[in-house]
Each structure stands twice: as C-alpha cells, then as structure tokens.
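Numbering starts at 1 and runs along the sequence shown.
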Amino acid sequence: KMLYDNALFAQALVEAWQVTKRDFYRAYAEDVLEYVRRDMSSPAGAFYSAEDADSEGEEGKFYVWRPAEVATLLDGEDARAAMTYWNITPAGNFEHAATILTAPRPLAEVAQSLAMGEEQLAERLQRAREILFSTRCKRIRPLRDDKVLTSWNALTISAFAKAGRAFGDPAHVETAARAARFLLAHLRDPDGRLLRRWREGEARFKAYLVDYTQLAIACLDLYEASGRAEWFDRALALMRDVNRLFRNPDGPYFDTGSDAEPLLARNMEGYDGVEPSGNSSAALAFLRLHAYGVREGFDQDALRIFSGFTEHLSKTGVSFAAMLNALAFHLAPPREVAIVGDPAAADTQALLAALHTRFRPDTVLAFAAPGEVAALGARVPLLEGRLAIGGQATAYVCRDRTCQLPVHRLEELEKLLGPQQ
C-alpha cells in the first residue's frame with residue numbers, strides 16, 4: 001500500500017475517464033482517493049508513506065476472505081453474488097486458501113451467469129461491499145509508515161488536483177491544496193530550503209531534485225485545477241531554486257543540491273522507476289512554465305536534459321516513460337489556452353469544461369475573471385492583455401504565444417483544440 005503507487009494509479013484512472021468517460025474508471029479513481037484520504041492522511045492534511053501488507057504476523061490477513069466468512073456475513077443471494085463476482089472460492093487465490101478480492105469478469109457477464117439484471121447485481125454488490133468493509137474495519141490493521149515524504153506527497157497532490165479538476169469536485173482540490181500548504185509550511189529549514197522528510201513534528205534532510213520538481217508539477221496541477229495564481233508562483237519559485245541548487249551547465253540536473261553533503265560523485269538520474277525521476281519531472285515542469293510564457297531559458301534547460309539522455313530514450317524508452325511524456329509535450333508543441341470570464345457564468349464553465357473533462361496532455365490552461373486580468377497577467381504571462389470581449393467568456397488558443405482569433409462558444413474552442421489525444 002505504497003503512497004506513490006496509489007497516487008500514480010489514481011492519476012492514470014482519471015486520465016482513462018477523461019478519454020473514455022466510462023463510469024468504471026471514475027468509480028475506481030474515487031475509491032483510490034477515498035482510501036488515501038481515509039487511511040493515509042495525517043490530521044494536518046499531509047499523506048503518510050505506506051501501510052504494511054501483513055498484520056498479526058500473517059501476509060495479507062487484513063485484506064483476504066474465505067467463503068464461510070462471507071456466507072455468514074451476507075444473506076444467501078448477496079453472498080452468492082459477492083462470491084461469484086469477486087471470485088471467492090474454497091481453493092482461494094492466496095496463501096492458506098484465502099482469497100484476495102478480484103473482479104476477473106465484467107459485471108454484465110456475471111449478471112448473466114447468475115440470471116439477474118446488471119442493476120440488481122450492482123445493488124447486491126454494493127450492500128455486500130459495505131458489510132464486508134465494516135467487518136474488515138474491526139480487524140487488526142497493518143502497521144502504517146507515518147513518514148511524510150515530499151515527492152510522494154507531491155504525486156498525491158497531483159492526483160487529487162487532477163481528479164478535482166476532471167470530476168468538478170472542489171473537495172478533491174482542497175485536499176490537494178491542504179497537503180501542499182503543509183509541505184510548504186513544515187518541510188523547510190529556517191532559510192526556506194525545501195526538506196525531504198517530516199515525522200512527528202520534525203523535518204529533516206535536504207530535499208532532492210525529485211522533491212523540488214514533483215512539487216513544482218503538483219503546484220502547476222493545483223493552479224490549473226483552482227485558478228489560484230499563488231500555486232503558479234510557488235511552481236516558478238521552486239524551479240528557479242532547481243536552477244540555483246541542482247543545475248549542471250553541461251548536461252542533466254544533479255540529484256543532490258550544491259549545498260548538500262559533498263559526495264564522491266553527484267548522480268544525474270533519468271530512469272523512471274517507482275516514481276518519475278527528478279530529471280523527467282524537471283523537464284516537464286520547465287516546459288510547462290515556458291508554455292505559460294515564462295522566458296527564463298526554461299525550454300533550453302529541458303532540452304539539455306533530453307540531450308543528456310538521448311541514447312537512453314532511443315534504446316530503452318520504456319524505462320524513461322515520464323521523460324518521454326515530457327518530450328512528447330515539447331514535440332506536440334503545447335497549446336497555450338487562456339480563458340477570461342465570470343467564473344460563475346455558464347458560458348465560462350462550458351469553456352473550462354473543454355479543458356477540464358478531456359485528456360489534453362499537450363495543453364496548459366490559465367484562467368482569470370475580467371477584473372483580475374491586470375493583476376494576474378503580471379504573474380502569469382499567458383494572461384497578459386487578455387480581455388473578455390463583449391462581456392462574454394473568451395478563450396484564446398496559442399502556440400508559442402502566437403494566438404488564433406479569440407472565441408466564445410464551446411464548439412469554436414473545441415475546433416481550435418482538435419480531438420483529444
């Protein structure tokens with residue numbers, strides 16, 4: 001039950017929903033996020049690192065089920081539905097004839113085999129799930145690793161921000177913002193230097209490249225989900241710190257800061273393992289900021305990272321998936337979208353939905369109410385000089401700051417954006 005696994009899985013589920021609009025993906029994304037919020041969150045809003053797989057000295061004991069137990073807890077038809085759908089058998093699929101719940105067959109197929117309707121089966125499974133969950137809560141829980149790690153929290157912040165944006169759920173966005181505020185308030189030293197780990201009121205260890213860059217991406221995700229420019233400011237400040245602390249003028253970025261403990265050699269990692277590498281996240285963060293109009297050489301910083309890993313990307317790209325995503329963003333090239341309008345108005349919401357509910361990884365979004373453009377344009381260059389023409393919500397679609405004619409209607413904006421990827 002690693003935090004980074006849940007964060008990345010939730011992000012993938014949100015994106016799958018944006019592409020397909022299948023309720024299946026949204027439901028599972030919500031399940032993952034609810035688990036993290038319920039069982040992996042600190043009272044102050046940060047996210048813990050992991051839960052063990054074993055409890056009471058037995059692998060998986062907290063999570064597994066046997067037919068007799070299910071039959072005792074549920075009435076006959078609900079028990080039959082649950083055991084058929086989740087494949088709970090006497091032989092089991094795990095140690096000691098226990099079963100890890102899985103759903104190997106589609107709901108429609110199981111409903112047909114049980115001679116009942118899909119809706120009826122879904123209702124039975126929901127009742128069964130609530131009872132099984134209530135029973136499981138009475139078991140002895142596995143131990144929890146209550147460290148708060150910056151990069152892992154940043155991945156989870158991105159997951160909640162993306163879900164809140166796609167599903168139109170402000171509670172998800174606020175969960176993300178609360179965790180981000182915790183990191184920025186508590187994982188810093190007296191000089192403002194970002195730190196890696198917090199536990200029981202103590203923050204320690206200078207943050208690595210991956211901590212800075214993942215948190216910058218999380219702040220950009222929060223900006224696009226909330227429209228609050230404070231998150232854009234945070235992302236920009238973090239990436240300026242990356243150039244100050246981790247920059248290698250001749251190649252990719254160092255994993256450790258120039259102010260960290262001296263090492264025999266400073267690594268420059270690009271491999272995307274259990275989480276995206278610091279260099280992969282740096283490339284994407286630099287390119288997104290450049291797409292917003294920040295002209296501080298960030299595009300060249302990203303290209304220097306790609307150049308340093310050219311051979312790896314061409315020969316073993318599967319091990320550099322996050323870096324390939326950043327490269328795809330660069331090659332697209334990215335669309336830069338600015339929307340100006342009354343945030344409560346239906347026409348504004350319709351334009352924003354074209355970006356929020358669809359999978360457009362090659363796009364950045366800036367938003368402002370008409371009265372905020374002057375102030376926000378000084379902070380987010382993409383908003384500079386934008387107007388709500390004729391008092392209507394207005395969208396500008398640009399590439400490298402060269403813009404198409406502004407549009408007002410959803411169909412006009414979708415035509416400019418083209419089909420989602």
Side-chain angles (χ1 to χ4, degrees), residues 3-4 7-8 10-11 14 44-47 148-166 170 172-188 192-196 198 207-246 253 275-276 278-294 296 298 301-302 322 325-326 329 334 336 355-356 361 363-368 376 378-383:
L3 181 63
Y4 54 75
L8 292 169
Q11 290 186 46
V14 170
F47 305 113
V148 173
L149 298 177
T150 299
S151 66
W152 297 9
N153 267 250
L155 288 172
T156 314
I157 291 165
S158 287
F160 276 100
K162 289 180 176 181
R165 180 186 179 192
H172 285 332
V173 179
E174 178 52 32
T175 296
R178 190 165 178 245
R181 287 192 290 265
F182 181 93
L183 297 183
L184 293 165
H186 297 285
L187 279 100
R188 290 186 180 276
R193 213 284 194 189
L194 193 65
L195 300 174
R196 169 67 176 170
W198 181 95
Y208 301 112
L209 174 67
V210 69
D211 298 305
Y212 273 89
T213 56
Q214 289 285 13
L215 186 54
I217 287 175
C219 288
L220 289 176
D221 291 335
L222 260 172
Y223 170 63
E224 293 190 334
S226 69
R228 295 175 64 92
E230 65 176 289
W231 300 117
F232 183 89
D233 296 339
R234 295 287 196 176
L236 180 56
L238 286 163
M239 294 313 293
R240 286 170 173 166
D241 282 345
V242 165
N243 267 333
R244 179 174 60 85
L245 294 168
F246 302 93
Y253 283 73
E275 63 178 325
N279 271 290
S280 296
S281 297
L284 183 57
F286 279 138
L287 290 170
R288 286 175 69 175
L289 286 166
H290 181 80
Y292 275 109
V294 177
E296 298 183 11
F298 286 169
D301 292 329
N325 279 339
F329 182 88
E336 306 141 9
L355 282 303
H356 290 335
T363 303
V364 298
L365 170 66
F367 169 76
L376 294 180
R379 298 161 69 180
V380 184
L382 182 56
L383 288 171

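Note: Asp221 CG to Arg165 CZ = 8.0 Å, rounded to the nearest 0.5 Å. For the atom pair CG of Leu382 and CG of Leu289, the computed distance is 12.0 Å after rounding to the nearest 0.5 Å. To the nearest 0.5 Å, atoms OG (Ser281) and CD (Glu275) are separated by 7.5 Å. Going from atom CG of Leu183 over to atom CZ of Phe47 covers 8.5 Å, rounded to the nearest 0.5 Å. Taken to the nearest 0.5 Å, the CD atom of Gln214 stands 10.0 Å off from the OG1 atom of Thr156. Rounding to the nearest 0.5 Å places NE2 of His356 at 6.0 Å from CG of Leu365.
The existence of a salt bridge linking Glu224 and Lys162 is excluded, since no basic side-chain nitrogen approaches an acidic carboxylate oxygen closer than 4.0 Å. A salt bridge does not link Arg181 with Glu230: none of the charged nitrogens is closer than 4.0 Å to a carboxylate oxygen. Salt-bridge annotation for Asp233 and Arg228: absent, with no side-chain N of the basic residue lying under 4.0 Å from a carboxylate O of the acidic one.
Looking at heavy atoms from C-beta onward, Leu149 lies out of side-chain contact with Asp211 at the 4.5 angstrom threshold. Residues His290 and Glu296 have side chains not in contact (no heavy-atom distance under 4.5 Å, counting atoms from C-beta outward).
Checked options Leu155, Leu284, Leu238, Leu222; the residue passing with Ile217 is Leu284 (criterion: side-chain contact (heavy atoms from CB on, under 4.5 Å)). Just one residue in the list Tyr212, Phe286, Phe246 forms a ring pair (Phe, Tyr, Trp, His ring centres under 6.0 Å) with Tyr253, and that residue is Phe286.
When all heavy atoms are compared, the tightest approach of Arg178 to Gly45 is NH1-CA, 3.4 Å. Closest non-hydrogen pair, Ile157 versus Ala176, comes out as O-CB, 3.5 Å. Contact record, Ala291 with Pro334: CB-CG, 4.2 Å, taken as the closest heavy-atom pair. Residue Ala285 comes nearest to Leu220 through the heavy atom pair O-CD1, 4.3 Å, listed as atom of the first residue, atom of the second, then distance. Between His186 and Trp198, the shortest heavy-atom contact is O-CD1, 4.0 Å. Counting all heavy atoms, side chain and backbone alike, Arg234 lies closest to Cys219 at CB-SG, 3.8 Å.
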- request: Kindly determine whether Thr150 and Leu195 satisfy side chain to side chain contact (heavy atoms under 4.5 Å, CB included), including the steps that lead there.
  value: CA-CA 7 Å; Thr150 299; Leu195 300 174; 5.9 Å; no
field: side chain to side chain contact (heavy atoms under 4.5 Å, CB included) evaluation trace for Gln11 with Val14
entry: CA-CA 5 Å; Gln11 290 186 46; Val14 170; 5.8 Å; no
message: With side chain to side chain contact (heavy atoms under 4.5 Å, CB included) as the criterion, how do Leu194 and Leu215 come out once you've worked through the C-alpha distance, each side chain's angles and the decisive distance to 0.1 Å?
response: CA-CA 10 Å; Leu194 193 65; Leu215 186 54; 4.1 Å; yes
- prompt: Can you check side chain to side chain contact (heavy atoms under 4.5 Å, CB included) on Trp231 and Leu236, steps first, answer last?
  reply: CA-CA 9 Å; Trp231 300 117; Leu236 180 56; over 6 Å; no
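Within 6.0 Å of CZ on Arg193 lie more than 12 heavy atoms contributed by other residues, nucleotides or ligands.
Side-chain atoms of Ser151 and Arg196 form a donor-acceptor pair, as typed in the model, at a separation below 3.5 Å.
Among residues two or more places apart in sequence or in another chain, the ring pair (Phe, Tyr, Trp, His ring centres under 6.0 Å) test is passed with Phe367 by none. Under the ring pair (Phe, Tyr, Trp, His ring centres under 6.0 Å) criterion, Tyr292 pairs with Tyr223, Phe232, sequence neighbours left out. For Tyr4, the ring pair (Phe, Tyr, Trp, His ring centres under 6.0 Å) partners two or more places apart in sequence, or in a different chain, are Trp152.
Side-chain N or O atoms of Ser280 include none that pairs as donor or acceptor with a backbone N or O of Pro276 at under 3.5 Å.
Taking the six-membered ring where the residue is Trp, the centroids of His172 and Phe160 are separated by under 6.0 Å.
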